[in-house]
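Read the structure below first, then the notes.
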Number of protein chains: 2
Amino acid sequence: MESGRPYSRLLMRLDRMTNLRKADKLLVAALPLTVTNIPAGGQIARFDEPQCVLVVSGFVCGYKRVGMSRRQITSLFVPGDIAGLHGLLLPSSNDSLSALGAAVIAYLPCHALEGMLDASPQLAQALWRESFSEAAILREWIASLGRREALARVAHLICELVVRLQAVDLARDYNFAIYWTQMDVADACGISAVHANRVVQELRRLGVVEWDAKHLRIRDWDALTKIGEFSDSYLQHYTRPAPPIRYEMDHHQAF
Amino acid sequence: MESGRPYSRLLMRLDRMTNLRKADKLLVAALPLTVTNIPAGGQIARFDEPQCVLVVSGFVCGYKRVGMSRRQITSLFVPGDIAGLHGLLLPSSNDSLSALGAAVIAYLPCHALEGMLDASPQLAQALWRESFSEAAILREWIASLGRREALARVAHLICELVVRLQAVDLARDYNFAIYWTQMDVADACGISAVHANRVVQELRRLGVVEWDAKHLRIRDWDALTKIGEFSDSYLQHYTRPAPPIRYEMDHHQAF
DNA sequence: CGACCGATTGACACAGCTCAAATGAAGTGG
DNA sequence: CCACTTCATTTGAGCTGTGTCAATCGGTCG
């Protein structure tokens, strides 16, 4: 596993989403990537030409501003994820992208992605599945924000993050680097920064996590999933082998 | 406009999403639809064979159960919408579908939809755009649930609904039939039924809406958008003419 | 060393929840 | 056509999770 390449974790993800042939992997490896360092919390610029953003390391988030000052994070992207896939077909997205901590990203021109979809039905299918999977996560967040209290929201978010990081081999032993502040957690969970801090302390006090500025370690996974009412069923594509290709996709021409 | 057909409002939507040729419209008209009446609040069955659900009249919602009894509505579908599009590529969805009030729906076998995508790149693109548009709505709901108070959430929901209904000619003069109870509103906005009632009364008291059991009429659109911090920019495809086809899509083979 | 930013703590206020009961509207069966 | 049921709406009274404000502490970096 050439985990040094910017696209290596993307490959891990796509391969699990839809089994890839060797030729597909070569296509991914040939994508023109513009690797860029983003400082902590830095805005990720949107250029005229539609581009997607591949996360190489660190965390990236999509967020909206609500009212004057309140921020709501609407999605989180970890290494191997592509942010802004909807840019492929929808001209303008309504929310902004920024890094949480410091991050390394790679810009990916849409036309190159489209060329790839053109060349491989397997890859095309994997990317579409990816975007549906993203939507499944959005729905789960809605359930969390609407019907869970703060402690459960944070616990749920951590559970989700662990599963997603494990899929790209970044959370061995329930242990991973975090690239966010408690304020970021607050903005993701729809609570205030002060309350986020109280929740973090409560999770520590309960002995389910060790959580310092740079690192998070889950000490009691079962307890955490219980607190967060977490079930990984909406993340099948992160935990289970790729489902079979639907029908004879190769004949299908779409997009 | 043959607004008597089950698919007529779907056509209105798709045509605005991506301009359709006459041949495309014939393809849509030829879809095999199993029209079904659903009683008020009735669960919408999922069969073994993957099927999508076209809403013909009434409202349909996707929801999740959280904890033992709490329900969170994650998406709303109005006439012309297709629910369960993700079933095309993802085997299992994690949430359930039900009607809110009484509704008429049409089951639509996935293989027929895929045949359609196969036959027309324009339609394929329209459907993909549709699913991205759905995701944009999910993100907006996340912002609402996370960072707006109850009054604004409800106001925002109503604004969104009006725009979506107007796109299928069901909300002339800001006036439309509602197929939900206040409890449904509560479950969509992540608040309790009691509080939903208080919010409704407050909106009435402010003189921005007339709202009885079966009907809702907006008396002051500007005030309502202000209360709900609503901007229709995330619903472009409902309000503006279709964006051009991206690149030379006809060459693209995907899915 | 100072400046800055994030984490932490405490006190208080309030939006929204729960419980419980009353009212109203619509449908059902005798 | 009237009792009866059922379900949605409405109202009131506490209770609690979470927000706001403000201050302190601690680490990091120039």
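Here is how names work: the chains are called A, B, and so on, in the same order as the sequence lines, proteins then strands, and each is numbered from 1. Only a predicted model underlies this, so the values are computations on that prediction, with no experimental measurement involved.
Between the side chain of A:Arg147 and the backbone N or O of B:Ile191 there is at least one donor-acceptor pair closer than 3.5 Å.
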**Message:** With side-chain contact (heavy atoms from CB on, under 4.5 Å) as the criterion, how do A:Phe230 and A:Leu235 come out once you've worked through the C-alpha distance, each side chain's angles and the decisive distance to 0.1 Å?
**Reply:** CA-CA 11 Å; A:Phe230 179 80; A:Leu235 295 174; 4.0 Å; yes

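Summarising the geometry, the separation between OH on A:Tyr179 and P on C:dG6 is reported as 18 Å, rounded to the nearest angstrom. As rounded to whole Å, 11 Å separates atom P of C:dA7 from atom CG of A:Asp212. C:dC17 atom P lies 11 Å from atom CG of B:Asp187, rounded to whole Å. What separates NE2 of B:His195 from P of D:dG12 is a distance of 16 Å, to the nearest Å. In this structure, the CD atom of A:Gln182 is 8 Å from the C1' atom of C:dT8, given to the nearest Å. For the pair B:Trp211 CH2 and D:dT9 P, the computed distance is 9 Å after rounding to whole Å. In this entry the distance linking CZ of B:Arg205 with P of D:dT10 reads 15 Å, nearest Å. Rounded to a whole Å, the CZ atom of B:Arg148 is 13 Å from the P atom of C:dG16.
Among the heavy atoms of the strands, none lies under 4.0 Å from B:Gly41.
Between B:Glu134 and B:Arg139 no salt bridge is recorded (no basic side-chain N to carboxylate O distance below 4.0 Å). For B:Asp81 and B:Arg164, the salt-bridge test passes: some basic side-chain N is under 4.0 Å from an acidic carboxylate O.
The side chain of A:Arg198 lies closest to D:dT20 when the candidates are D:dT20, D:dT18, C:dA20. The side chain of B:Gln201 lies closest to D:dT11, out of C:dA15, D:dT11, D:dC21. Comparing atom distances between the A:Arg204 side chain and each of C:dG16, C:dT8, D:dA8 picks out C:dT8 as nearest. The side chain of A:Ser192 approaches D:dT20 more closely than any other nucleotide in the set D:dT20, D:dA8, C:dA15. Taking the side chain of B:Ile191 as heavy atoms from C-beta on, and the options C:dA20, C:dC17, C:dG10, the nearest nucleotide is C:dC17.
Between A:Arg147 and A:Val200, it is A:Val200 whose nearest contact on DNA chain C lies nearer the 5' terminus.
For the pair B:Cys61 and B:Ser98, the minimum side-chain heavy-atom distance is below 4.5 Å.
Phosphate contact (OP1/OP2 of D:dT10, side-chain N/O of B:Asn197, threshold under 4.0 Å): present.
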